[in-house]
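Step one of this worksheet: look at the structure below.
One-based numbering along the sequence shown.
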Amino acid sequence: MELDAKNPIPLHVQLKNILENQILQGQYTEKIPSERELMEMYSVSRSTVREAVSALVREGILEKKHGKGTFVSLKPVQEWLRITSFTETIKKMDIKLLDSGIVSTPENIENVSGFHDESYYIKRLRLKDNVPIAIENHYYPMEIGEKLAQYDLNKTILYDVLEGELGIHFWEAEQIITCGYLPKGEAKHLGVTESTCLLITERMITDPDGNLVEYYKGFFRADMYSFVMKMSRKPNLLV
C-alpha cells in the first residue's frame, strides 16, 4: 500500500494507520521492519517513519527494545483475558465439555452486530484437582461456531483456535462482574445448592470493526475463586 502525498491526512498518520492495520491482520507478529526499511518501502523521510512508530509506541501497540528494534506489543488474547479476568490458577484447571450446539441467541445480544436469531453455544465445566470451580457459557455467531464445531472442544483452547487458526481479531472487551444464583438445575454441576450465591461474569468481545465475536457468561464458586484486575493509565493498552 502506498502513501498519498495529495491526501490531507499527514504522511506519518497514513503510515501509522497502515502499520496498525498490518499488525491487526497478523502481517507483523513480532519485530516490524527497521526505520531504513520502512523509509524505502514507503518512500518517506526518517522523521515521518519515527513519528508514525512513536505514535504506535505511545498507544501501546508497539514497543522499542534497546539494541534490538521495534516489536509488536499487543498481548495474546489468552494473556489479555487472564489479566482482566482470571487468576493464574486458570492455567492449571481442567475442562469438561457439558454441551455444545445451536441455540436461540440470548435476548440481550439478539440485535448486536454479528449475531442473529441463532448462535453456536459451548458450555464447559472448569475443575481444579477434580473439584468443580465454574460453569462457562460461550456464545458465537453461527459463522464462527460452524468452524469451532470441527474441533474437539474437550481439548481445544478456544482463544488459541479463534485467533491463531480462524483469524478472529479480538480488539475490545467489556466485562461486568456481579453476584447471583445459577439457573435452575445447574447447581449439581458445581456441587452447590440452588441458594448458593456465586460470582457471575459477563463479557462481550468485539473485533476491530465493532462486531461482537463472543458473548460469555460464567458462574464461579466464590469460595474457590477470585478475580484479579490490572489497570493502567496508558492510552489504548489492551489491559
Self-check item: Results of ring-ring contact (aromatic ring centres under 6.0 Å, His included) for H169 - residues two or more places apart only
Solution: none
Self-check item: Exam field: side chain E40 to backbone E37, donor-acceptor pair closer than 3.5 Å
Solution: no
Quiz item: Under 4.5 Å between any side-chain heavy atoms of V53 and L38, yes or no?
Solution: yes
Identify every side-chain donor-acceptor pair in residues 63-72 under 3.5 Å, counting partners at least two apart or on other chains, and give the distances.
none

Exercise. Look at E35 together with R50 and state whether they make a salt bridge at an N to O cut-off of under 4.0 Å.
Key: yes
Quiz item: Stepwise, does the side-chain contact (heavy atoms from CB on, under 4.5 Å) test hold for L125 with I95?
Solution: CA-CA 6 Å; L125 185 67; I95 297 173; over 6 Å; no
Practice problem: Would you name the heavy atoms of S119 and P106 that are closest together and state the gap between them? | Solution: OG-CD, 4.4 Å
Self-check item: Set of side-chain contact (heavy atoms from CB on, under 4.5 Å) partners for V112, sequence neighbours left out
Solution: I109, L212
Quiz item: Would a line drawn from the ring center of Y139 to the ring center of Y121 be shorter than 6.0 Å?
Solution: yes
Quiz item: Are L162 and L97 joined in one hydrophobic group, where the rule is that I, L, V, M, F, W and Y side chains link up if heavy atoms are under 4.5 Å apart?
Solution: yes
Practice problem: Verify the cluster assignment for V213 and L148: are they in a single hydrophobic cluster under the rule of side-chain heavy atoms below 4.5 Å apart? | Solution: yes
Self-check item: Test log, rule side-chain contact (heavy atoms from CB on, under 4.5 Å), inputs L15 and H12
Solution: CA-CA 5 Å; L15 180 56; H12 71 276; 5.6 Å; no
For residues 179-192, which side-chain donor-acceptor pairs fall under 3.5 Å, sequence neighbours excluded?
unit_1: E186; atom_1: OE1; unit_2: K123; atom_2: NZ; d: 2.5
unit_1: E186; atom_1: OE2; unit_2: K123; atom_2: NZ; d: 2.8
unit_1: K188; atom_1: NZ; unit_2: G185; atom_2: O; d: 2.5

Quiz item: What residues form a side-chain contact (heavy atoms from CB on, under 4.5 Å) with T193, not counting sequence neighbours?
Solution: S195, T196
Quiz item: Which heavy atom of A222 sits nearest a heavy atom of L199, and at what distance?
Solution: CB-CG, 4.1 Å
Self-check item: Validation row: L158, L153 side chains within 4.5 angstrom (heavy atoms)
Solution: yes
Practice problem: Answer whether the closest heavy-atom distance between the side chains of Y120 and P141 falls below 4.5 Å. | Solution: no
Quiz item: Same hydrophobic cluster for I144 and I122, using side-chain heavy-atom links shorter than 4.5 Å among ILVMFWY?
Solution: yes
Exercise. Say whether, by atom type as modelled, one donor and one acceptor occur between the side chain of N21 and the main chain of N17 under 3.5 angstrom.
Key: yes
Self-check item: Exceeds 12 heavy-atom contacts within 6.0 angstrom, atom CG of D152
Solution: yes
Quiz prompt | CG on D94 to CG on N130, rounded to 0.5 Å | solution = 7.0 Å
Quiz item: Would you say Y28 and P33 make side-chain contact, with heavy atoms under 4.5 Å?
Solution: yes
Practice problem: Could you name each residue pair satisfying salt bridge (charged side-chain N to carboxylate O under 4.0 Å, His left out) that touches residues 10-23, not counting sequence neighbours? | Solution: K16-E20, K16-E59
Quiz prompt | Value rounded to 0.5 Å, distance of OH in Y42 from OG1 in T48 | solution = 13.0 Å
Self-check item: Heavy-atom side-chain proximity of T201 to I176 below 4.5 angstrom
Solution: no
Quiz item: Should the pair R203-E214 be classified as a salt bridge under the 4.0 Å nitrogen-to-oxygen rule?
Solution: yes
Exercise. Say whether M142 and Y215 are linked into one hydrophobic cluster, either directly or through other cluster members, by side-chain heavy-atom distances under 4.5 angstrom.
Key: no
Practice problem: Compare all side-chain heavy atoms of R221 with those of V131 and state whether any distance is below 4.5 angstrom. | Solution: yes
Quiz item: Between H138 and Y140, what is the ring plane arrangement, given parallel below 30°, perpendicular above 60°, and tilted in between?
Solution: parallel
Self-check item: Check against side-chain contact (heavy atoms from CB on, under 4.5 Å), I18 and L3
Solution: CA-CA 9 Å; I18 289 173; L3 303 185; 3.3 Å; yes
Practice problem: Return yes when atom CD of Q27 has more than 12 non-hydrogen atoms of other residues, nucleotides or ligands closer than 6.0 Å, and no otherwise. | Solution: yes
Quiz item: Is V44 reachable from I9 through a run of hydrophobic residues whose side-chain heavy atoms are each under 4.5 Å from the next?
Solution: no
Exercise. Could you walk me through whether K217 and E136 pass the salt bridge (charged side-chain N to carboxylate O under 4.0 Å, His left out) test, one step at a time?
Key: CA-CA 6 Å; K217 188 169 185 178; E136 299 182 309; over 6 Å; no
Exercise. Indicate the atoms forming the closest heavy-atom contact of E118 with T105, along with that distance.
Key: C-OG1, 3.2 Å
Quiz item: Considering only heavy atoms from C-beta outward, does the side chain of I168 approach that of E163 to under 4.5 Å?
Solution: no
Quiz item: When rounded to the nearest 0.5 angstrom, what is the spacing between CG in L56 and CD1 in I32?
Solution: 7.5 Å
Exercise. Tell me, yes or no, whether the heavy-atom count around D209 atom CG, taken from other residues, nucleotides or ligands under 6.0 Å, exceeds 12.
Key: yes
Quiz item: Mind checking whether N137 and F219 have side chains closer than 4.5 Å, heavy atoms only?
Solution: yes
